[in-house]
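Counting starts at 1 for both ligands and their atoms, following the listed order.
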Amino acid sequence: MSYKAKFRVWRGEGGEGRLEDYTVEVNEGEVVLDVLHRLQATQAPDLAVRWNCKAGKCGSCAMEINGKPRLGCMTRMSTFSEDETITVTPMRTFPVIKDLVTDVSFNYEKARQIPSFTPPKDVKPGEMRMQQVDVDRSQEFRKCIECFMCNNVCHVIRDHEENKPHFAGPRFLMRIAELDMHPYDVEDRKDLAQDVHGLGFCNITKCCTEVCPEHIKITDNALIPMKERVVDRRYDPLVWLGSKIFRR
Ligand code: SF4
Ligand code: F3S
Ligand code: FES
(Lines give C-alpha, C1' and ligand atoms only; values in the text may rest on other atoms or scores of the structure.)
(Ligands and ions follow the chains in the order given, each with its own letter.)
Protein backbone atom coordinates (compact mmCIF):
# COMPACT_ATOMS: atom_id res chain seq x y z
CA MET A 1 0.00 0.00 0.00
CA SER A 2 1.39 3.41 -0.98
CA TYR A 3 0.86 6.80 0.55
CA LYS A 4 2.37 10.28 0.28
CA ALA A 5 4.65 11.31 3.14
CA LYS A 6 5.62 14.81 4.15
CA PHE A 7 9.40 15.22 4.33
CA ARG A 8 11.28 18.28 5.55
CA VAL A 9 14.90 18.01 4.41
CA TRP A 10 17.95 20.17 5.11
CA ARG A 11 19.33 21.61 1.88
CA GLY A 12 22.45 23.71 1.66
CA GLU A 13 26.22 23.80 1.62
CA GLY A 14 29.14 25.83 2.92
CA GLY A 15 27.48 26.64 6.25
CA GLU A 16 24.34 28.09 4.61
CA GLY A 17 21.07 26.22 4.31
CA ARG A 18 17.37 25.84 5.02
CA LEU A 19 14.72 23.16 5.55
CA GLU A 20 12.70 22.40 2.42
CA ASP A 21 9.33 20.64 2.29
CA TYR A 22 8.58 17.78 -0.09
CA THR A 23 5.75 15.29 -0.54
CA VAL A 24 7.11 11.89 -1.56
CA GLU A 25 5.56 8.52 -2.32
CA VAL A 26 6.19 5.73 0.20
CA ASN A 27 5.64 2.02 -0.48
CA GLU A 28 5.15 -0.79 2.00
CA GLY A 29 8.34 -2.01 3.71
CA GLU A 30 10.43 1.03 2.81
CA VAL A 31 13.00 2.79 4.98
CA VAL A 32 13.84 6.50 5.15
CA LEU A 33 16.77 6.05 2.76
CA ASP A 34 14.41 4.55 0.11
CA VAL A 35 12.26 7.65 0.32
CA LEU A 36 15.27 9.96 0.06
CA HIS A 37 16.35 8.06 -3.04
CA ARG A 38 12.87 8.50 -4.53
CA LEU A 39 13.09 12.19 -3.73
CA GLN A 40 16.42 12.32 -5.59
CA ALA A 41 14.97 10.41 -8.54
CA THR A 42 11.80 12.47 -8.90
CA GLN A 43 12.19 15.98 -7.46
CA ALA A 44 15.65 16.83 -6.14
CA PRO A 45 18.32 15.27 -8.38
CA ASP A 46 21.07 17.28 -6.69
CA LEU A 47 20.20 16.11 -3.15
CA ALA A 48 23.40 14.86 -1.49
CA VAL A 49 22.99 11.80 0.73
CA ARG A 50 25.74 9.32 1.59
CA TRP A 51 25.07 5.60 1.67
CA ASN A 52 26.76 2.39 0.71
CA CYS A 53 25.52 -0.97 2.02
CA LYS A 54 21.83 -0.35 2.70
CA ALA A 55 22.14 -3.08 5.32
CA GLY A 56 23.13 -1.21 8.50
CA LYS A 57 26.75 -2.29 8.21
CA CYS A 58 28.79 0.52 6.61
CA GLY A 59 27.74 3.44 8.82
CA SER A 60 27.62 5.85 5.85
CA CYS A 61 23.95 6.83 6.03
CA ALA A 62 24.06 8.32 9.55
CA MET A 63 21.77 11.38 9.71
CA GLU A 64 19.33 12.97 12.13
CA ILE A 65 15.70 11.95 11.73
CA ASN A 66 13.27 14.03 13.77
CA GLY A 67 16.29 15.31 15.72
CA LYS A 68 17.71 11.88 16.63
CA PRO A 69 20.82 10.29 15.14
CA ARG A 70 19.67 7.29 13.06
CA LEU A 71 20.80 5.18 10.14
CA GLY A 72 18.60 6.12 7.16
CA CYS A 73 18.75 2.55 5.83
CA MET A 74 17.56 1.01 9.09
CA THR A 75 14.77 3.42 9.97
CA ARG A 76 11.50 1.93 8.80
CA MET A 77 8.82 4.28 7.52
CA SER A 78 6.30 2.16 9.44
CA THR A 79 7.65 3.65 12.68
CA PHE A 80 6.06 7.01 11.73
CA SER A 81 2.38 7.80 11.30
CA GLU A 82 1.33 8.59 7.72
CA ASP A 83 0.36 12.18 8.50
CA GLU A 84 3.59 12.98 10.38
CA THR A 85 6.14 15.37 8.88
CA ILE A 86 9.54 13.65 8.95
CA THR A 87 12.43 16.03 9.36
CA VAL A 88 15.80 14.87 8.05
CA THR A 89 18.95 16.85 8.82
CA PRO A 90 22.70 16.16 8.69
CA MET A 91 24.64 15.15 11.81
CA ARG A 92 25.03 18.34 13.80
CA THR A 93 28.47 17.83 15.34
CA PHE A 94 30.36 17.69 12.03
CA PRO A 95 30.60 20.35 9.30
CA VAL A 96 28.10 19.99 6.46
CA ILE A 97 29.59 19.40 3.02
CA LYS A 98 26.23 19.44 1.23
CA ASP A 99 22.65 18.66 2.28
CA LEU A 100 22.77 15.48 4.40
CA VAL A 101 26.47 14.78 3.91
CA THR A 102 28.87 15.81 6.67
CA ASP A 103 32.65 15.93 6.82
CA VAL A 104 33.52 13.30 9.44
CA SER A 105 37.30 13.66 9.14
CA PHE A 106 37.42 14.71 12.83
CA ASN A 107 36.89 11.04 13.62
CA TYR A 108 39.69 9.80 11.38
CA GLU A 109 42.09 12.31 12.88
CA LYS A 110 41.26 11.02 16.36
CA ALA A 111 41.66 7.41 15.18
CA ARG A 112 45.15 8.17 13.89
CA GLN A 113 46.20 9.52 17.30
CA ILE A 114 45.64 6.18 19.06
CA PRO A 115 48.66 3.84 19.06
CA SER A 116 47.71 0.51 17.50
CA PHE A 117 47.65 -2.86 19.29
CA THR A 118 51.11 -3.42 20.81
CA PRO A 119 51.86 -7.03 21.80
CA PRO A 120 54.93 -8.00 23.86
CA LYS A 121 58.03 -8.37 21.71
CA ASP A 122 58.77 -11.92 22.89
CA VAL A 123 55.39 -13.38 21.90
CA LYS A 124 55.46 -14.88 18.43
CA PRO A 125 52.50 -15.19 16.06
CA GLY A 126 50.42 -18.21 17.06
CA GLU A 127 51.59 -18.16 20.69
CA MET A 128 48.88 -15.89 22.09
CA ARG A 129 46.28 -17.58 24.29
CA MET A 130 43.23 -15.68 25.51
CA GLN A 131 40.41 -16.40 27.93
CA GLN A 132 36.98 -16.50 26.29
CA VAL A 133 35.88 -13.57 28.48
CA ASP A 134 38.63 -11.40 26.95
CA VAL A 135 37.67 -12.46 23.44
CA ASP A 136 34.00 -11.68 24.10
CA ARG A 137 34.84 -8.21 25.42
CA SER A 138 36.82 -7.30 22.31
CA GLN A 139 34.15 -8.79 20.04
CA GLU A 140 31.50 -6.48 21.47
CA PHE A 141 33.58 -3.36 20.82
CA ARG A 142 34.57 -4.56 17.36
CA LYS A 143 30.96 -4.68 16.22
CA CYS A 144 31.36 -0.91 15.72
CA ILE A 145 30.46 0.12 12.15
CA GLU A 146 31.95 3.62 12.56
CA CYS A 147 28.73 5.48 11.89
CA PHE A 148 29.98 8.11 14.41
CA MET A 149 26.48 8.69 15.74
CA CYS A 150 27.83 8.25 19.28
CA ASN A 151 30.37 11.02 18.75
CA ASN A 152 27.67 13.11 17.06
CA VAL A 153 25.30 12.91 20.02
CA CYS A 154 27.79 13.42 22.86
CA HIS A 155 27.15 16.84 24.38
CA VAL A 156 30.85 17.38 25.12
CA ILE A 157 31.44 18.19 21.44
CA ARG A 158 27.89 18.51 20.05
CA ASP A 159 27.45 21.93 21.63
CA HIS A 160 31.09 22.80 22.24
CA GLU A 161 33.28 23.05 19.18
CA GLU A 162 36.11 24.24 21.44
CA ASN A 163 36.28 20.81 23.14
CA LYS A 164 37.03 18.94 19.92
CA PRO A 165 40.84 19.14 20.15
CA HIS A 166 40.70 17.67 23.68
CA PHE A 167 38.05 14.94 23.32
CA ALA A 168 38.12 11.85 21.13
CA GLY A 169 34.47 11.02 21.74
CA PRO A 170 32.94 7.75 22.92
CA ARG A 171 33.88 5.81 19.78
CA PHE A 172 37.60 6.31 20.32
CA LEU A 173 37.59 6.25 24.11
CA MET A 174 35.99 2.83 23.63
CA ARG A 175 38.85 1.86 21.31
CA ILE A 176 41.40 2.92 23.94
CA ALA A 177 39.50 0.94 26.59
CA GLU A 178 39.40 -2.12 24.34
CA LEU A 179 43.17 -2.04 23.91
CA ASP A 180 43.87 -1.21 27.57
CA MET A 181 41.84 -4.24 28.66
CA HIS A 182 43.45 -6.51 26.06
CA PRO A 183 45.60 -9.08 27.92
CA TYR A 184 48.40 -8.86 25.34
CA ASP A 185 48.59 -5.09 24.88
CA VAL A 186 51.61 -3.60 26.63
CA GLU A 187 51.11 0.07 25.73
CA ASP A 188 50.21 2.31 28.69
CA ARG A 189 46.94 3.93 27.63
CA LYS A 190 45.54 5.33 30.88
CA ASP A 191 47.29 8.69 30.81
CA LEU A 192 46.57 8.99 27.08
CA ALA A 193 42.84 8.47 27.72
CA GLN A 194 42.71 10.98 30.55
CA ASP A 195 45.19 13.66 29.49
CA VAL A 196 45.00 13.65 25.69
CA HIS A 197 41.62 12.18 24.76
CA GLY A 198 39.46 13.75 27.47
CA LEU A 199 38.02 10.75 29.29
CA GLY A 200 37.35 13.09 32.24
CA PHE A 201 34.94 15.16 30.12
CA CYS A 202 32.56 12.20 29.94
CA ASN A 203 29.98 12.55 32.69
CA ILE A 204 28.23 9.29 31.83
CA THR A 205 25.10 10.69 30.23
CA LYS A 206 24.89 7.46 28.17
CA CYS A 207 23.48 9.22 25.09
CA CYS A 208 26.19 7.44 23.07
CA THR A 209 24.97 4.03 24.21
CA GLU A 210 21.36 4.95 23.43
CA VAL A 211 22.04 5.76 19.77
CA CYS A 212 24.48 2.95 18.93
CA PRO A 213 22.92 0.89 16.12
CA GLU A 214 25.06 -2.10 17.12
CA HIS A 215 23.74 -1.91 20.70
CA ILE A 216 27.26 -1.77 22.10
CA LYS A 217 27.18 -0.90 25.81
CA ILE A 218 29.72 1.87 25.26
CA THR A 219 29.29 3.54 28.64
CA ASP A 220 28.90 0.52 30.92
CA ASN A 221 31.41 -1.80 29.26
CA ALA A 222 34.08 0.63 27.99
CA LEU A 223 33.94 4.15 29.43
CA ILE A 224 33.12 3.38 33.07
CA PRO A 225 35.66 0.51 33.33
CA MET A 226 38.27 2.78 31.72
CA LYS A 227 37.51 5.53 34.24
CA GLU A 228 37.95 2.97 37.03
CA ARG A 229 41.30 1.88 35.62
CA VAL A 230 42.49 5.50 35.48
CA VAL A 231 41.31 6.15 39.05
CA ASP A 232 43.03 2.98 40.30
CA ARG A 233 46.26 4.20 38.76
CA ARG A 234 46.06 7.79 39.89
CA TYR A 235 44.54 7.61 43.34
CA ASP A 236 45.95 4.42 44.79
CA PRO A 237 49.25 5.69 46.27
CA LEU A 238 50.98 2.30 45.92
CA VAL A 239 49.93 1.88 42.29
CA TRP A 240 50.96 5.47 41.58
CA LEU A 241 54.38 4.99 43.23
CA GLY A 242 54.90 1.68 41.43
CA SER A 243 54.07 3.23 38.09
CA LYS A 244 56.61 6.00 38.69
CA ILE A 245 59.41 3.64 39.80
CA PHE A 246 58.91 0.96 37.15
CA ARG A 247 58.44 3.38 34.31
CA ARG A 248 61.91 4.83 34.78
FE1 SF4 B 1 28.37 3.90 15.62
FE2 SF4 B 1 28.12 2.43 17.86
FE3 SF4 B 1 30.46 2.53 16.56
FE4 SF4 B 1 29.58 4.66 17.87
S5 SF4 B 1 30.19 2.69 18.77
S6 SF4 B 1 30.51 4.67 15.84
S7 SF4 B 1 27.37 4.53 17.55
S8 SF4 B 1 28.54 1.68 15.81
FE1 F3S C 1 29.31 11.53 26.07
FE2 F3S C 1 28.67 8.95 26.20
FE3 F3S C 1 30.02 10.08 28.13
S4 F3S C 1 27.43 10.59 25.41
S5 F3S C 1 29.25 12.14 28.17
S6 F3S C 1 30.71 9.85 26.07
S7 F3S C 1 28.49 8.51 28.34
FE1 FES D 1 25.33 1.33 5.15
FE2 FES D 1 23.11 2.58 5.98
S3 FES D 1 23.90 2.48 3.97
S4 FES D 1 24.64 1.62 7.19
task = Specify the closest pair of heavy atoms between Met174 and Cys144, including all atoms of both residues, with the distance to one decimal.
result = CE-CB, 4.0 Å
request  = Below 4.0 angstrom from a heavy atom of Ile145, which ligand 1 atoms are there? Numbered from 1 as shown, please.
outcome  = 3 (Fe), 8 (S)
key: Side chain, backbone, both or neither: the part of Asn151 lying under 4.0 Å from ligand 1 by heavy atom   = neither
ask   = Any salt bridge (charged side-chain N to carboxylate O under 4.0 Å, His left out) pairs touching residues 29-54, not counting sequence neighbours?
value = Arg11-Asp46, Glu30-Arg38, Asp34-Lys54
task = Verify whether the ring centers belonging to Phe106 and Phe167 lie closer than 6.0 Å.
result = no
remark   = The atoms of ligand 1 lying under 4.0 Å from a heavy atom of Phe148, numbered in the order shown, are 1 (Fe), 6 (S)
request  = Please confirm whether the backbone N or O of Thr118 pairs with a side-chain atom of Asp185, one donor and one acceptor, at under 3.5 Å?
outcome  = yes
key: Neighbour list for ligand 3 [protein residues, heavy atom under 4.0 Å]   = Trp51, Asn52, Cys53, Lys54, Gly56, Lys57, Cys58, Gly59, Cys61, Cys73
query = Is there a donor-acceptor pair closer than 3.5 Å between any side-chain N or O of Asn163 and the backbone N or O of Ile157?
reply = no
inquiry  = Just to confirm my output: which protein heavy-atom neighbour is closest to atom 2 (Fe) of ligand 1, and how far is it?
reply    = Cys212 SG, 2.4 Å
message = So which atom in Glu140 and which in Asn221 form the shortest heavy-atom distance, rounded to 0.1 Å?
response = OE1-ND2, 2.9 Å
inquiry  = Using heavy atoms and a 4.0 Å limit, tell me yes or no: is Met174 in contact with ligand 1?
reply    = yes
inquiry  = Tell me if a side-chain donor or acceptor on Arg76 pairs with a main-chain N or O of Cys73 at a distance below 3.5 Å.
reply    = no
query = Is the number of heavy atoms from other residues, nucleotides or ligands under 6.0 Å of Glu28 CD greater than 12?
reply = no
query = Would you say Gly59 touches ligand 1, if touching means a heavy atom closer than 4.0 Å?
reply = no
task = Could you list which atoms of ligand 1 come closer than 4.0 Å to a heavy atom of Cys144?
result = 3 (Fe), 5 (S), 6 (S), 8 (S)
task = State plainly whether the residues Asp134 and Arg137 are in salt-bridge range, i.e. N to O under 4.0 Å.
result = yes
request  = Run the salt-bridge test on Glu214 and Lys57 with the 4.0 Å N-O cut-off and return the result as yes or no.
outcome  = yes
inquiry  = Going by the rule side chain to side chain donor-acceptor pair (under 3.5 Å), which residues pair with Lys227 if we only count those two or more places apart in sequence or in a different chain?
reply    = none
message = Check for me whether Val211 has a heavy atom closer than 4.0 Å to any atom of ligand 1.
response = no
query = Atoms of ligand 1 less than 4.0 Å from Ile218 heavy atoms?
reply = 5 (S)
request  = Would you check if there is a donor-acceptor pair between the side chains of Asn107 and Glu146 at a distance under 3.5 Å?
outcome  = no
query = What atoms of ligand 1 come closer than 4.0 angstrom to any heavy atom of Arg171?
reply = 6 (S)
query = Under a single-linkage definition using a 4.5 Å side-chain heavy-atom cutoff for Ile, Leu, Val, Met, Phe, Trp and Tyr, are Met74 and Val35 assigned to the same hydrophobic cluster?
reply = no
inquiry  = For Phe172 and His197, I'd like to know if the aromatic rings sit close, meaning centre-to-centre distance below 6.0 Å.
reply    = no
note = Residues with a heavy atom under 4.0 Å from ligand 2, by chain and number, are Cys154, His155, Pro170, Cys202, Asn203, Ile204, Thr205, Lys206, Cys207, Cys208, Thr219, Leu223
query = Is Glu161 paired with Lys164 through a side-chain N to carboxylate O contact shorter than 4.0 Å?
reply = yes
query = Can you tell me if an N/O/S atom from Cys147 lies under 2.8 Å from atom 4 (Fe) of ligand 1?
reply = no
note = Heavy-atom proximity to atom 4 (Fe) of ligand 1 ranks first, among Gly56, Cys208, Cys150, for Cys150
